[in-house]
Amino acid sequence: MDVPRKPLAKSEGRKQLRSGVVIQWRGTPHLDDWVAFIVNGGRSKRLILADHTSERRVKVLLRRLEGLPRREIKRLAKS
């Protein structure tokens, strides 16, 4: 007898840094499917900072980006 499972809960967050860059992230706790991207990075597409990574790496990345200027943050992003 198969028991239906609840879908995994997605977590999302959004943060505006001192440099004015807005970063958004989403993923599932305990899985390596997290993504972090710059919301106001470009006109045509989002600039991805981290993709298919763990929650811990995304949180560490956010702490690292806190003190960087806008130009350095955009340079770190994969375009």
Side-chain angles (χ1 to χ4, degrees):
M1 182 174 185
D2 290 329
V3 178
R5 295 184 66 188
K6 280 178 39 177
L8 295 172
K10 289 282 190 177
S11 295
E12 294 187 11
R14 194 175 169 108
K15 183 175 190 177
Q16 182 169 2
L17 303 178
R18 281 182 251 155
S19 61
V21 177
V22 178
I23 297 178
Q24 189 172 358
W25 64 90
R26 68 173 62 115
T28 307
H30 308 295
L31 290 180
D32 289 345
D33 68 343
W34 288 77
V35 62
F37 51 89
I38 299 173
V39 176
N40 57 356
R43 294 183 188 134
S44 62
K45 61 181 179 177
R46 296 175 177 154
L47 296 174
I48 298 173
L49 292 166
D51 191 20
H52 297 293
T53 187
S54 67
E55 179 180 8
R56 183 178 183 177
R57 286 187 181 170
V58 169
K59 300 294 181 179
V60 168
L61 176 69
L62 290 172
R63 277 187 251 126
R64 272 186 50 214
L65 296 177
E66 191 66 41
L68 294 178
R70 179 185 297 249
R71 185 173 3 109
E72 291 294 321
I73 294 172
K74 288 186 178 181
R75 190 182 306 170
L76 286 174
K78 302 176 202 173
S79 53

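Throughout, residue positions are numbered sequentially from 1 according to the sequence presented.
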Query raised in the report: Out of curiosity, Ile38 CD1 to Leu49 CG, how far, rounded to the nearest 0.5 Å?
Result: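 Reported to 0.5 Å precision, the distance equals 4.5 Å.
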Query raised in the report: If you measure from CG on Leu17 to CG on Leu62, what distance do you get to the nearest 0.5 Å?
Result: 7.5 Å
Do [X] and [Y] have side-chain heavy atoms sitting under 4.5 Å apart?
X: Trp25; Y: Glu55; value: no
X: Leu65; Y: Val21; value: no
X: Trp34; Y: Ser11; value: yes

Test of understanding: with side chain to side chain contact (heavy atoms under 4.5 Å, CB included), list the residues that count as partners of [X], not counting sequence neighbours.
X: Arg63; value: Lys59, Val60
X: Arg18; value: Glu66
X: Arg56; value: Ser54
X: Val35; value: Arg26, Phe37, Ile48, Asp51

Report task. Walk me through it: do Ile23 and Leu61 pass the test side chain to side chain contact (heavy atoms under 4.5 Å, CB included)? Result -> CA-CA 11 Å; Ile23 297 178; Leu61 176 69; over 6 Å; no
Query - Closest approach of Thr53 to Val58 (non-hydrogen atoms, all atoms of both residues) - result: CG2-CG2, 3.6 Å
Query - Set of side-chain hydrogen bond (donor to acceptor under 3.5 Å, both in side chains) partners for Asp33, sequence neighbours left out - result: Lys10, Thr28
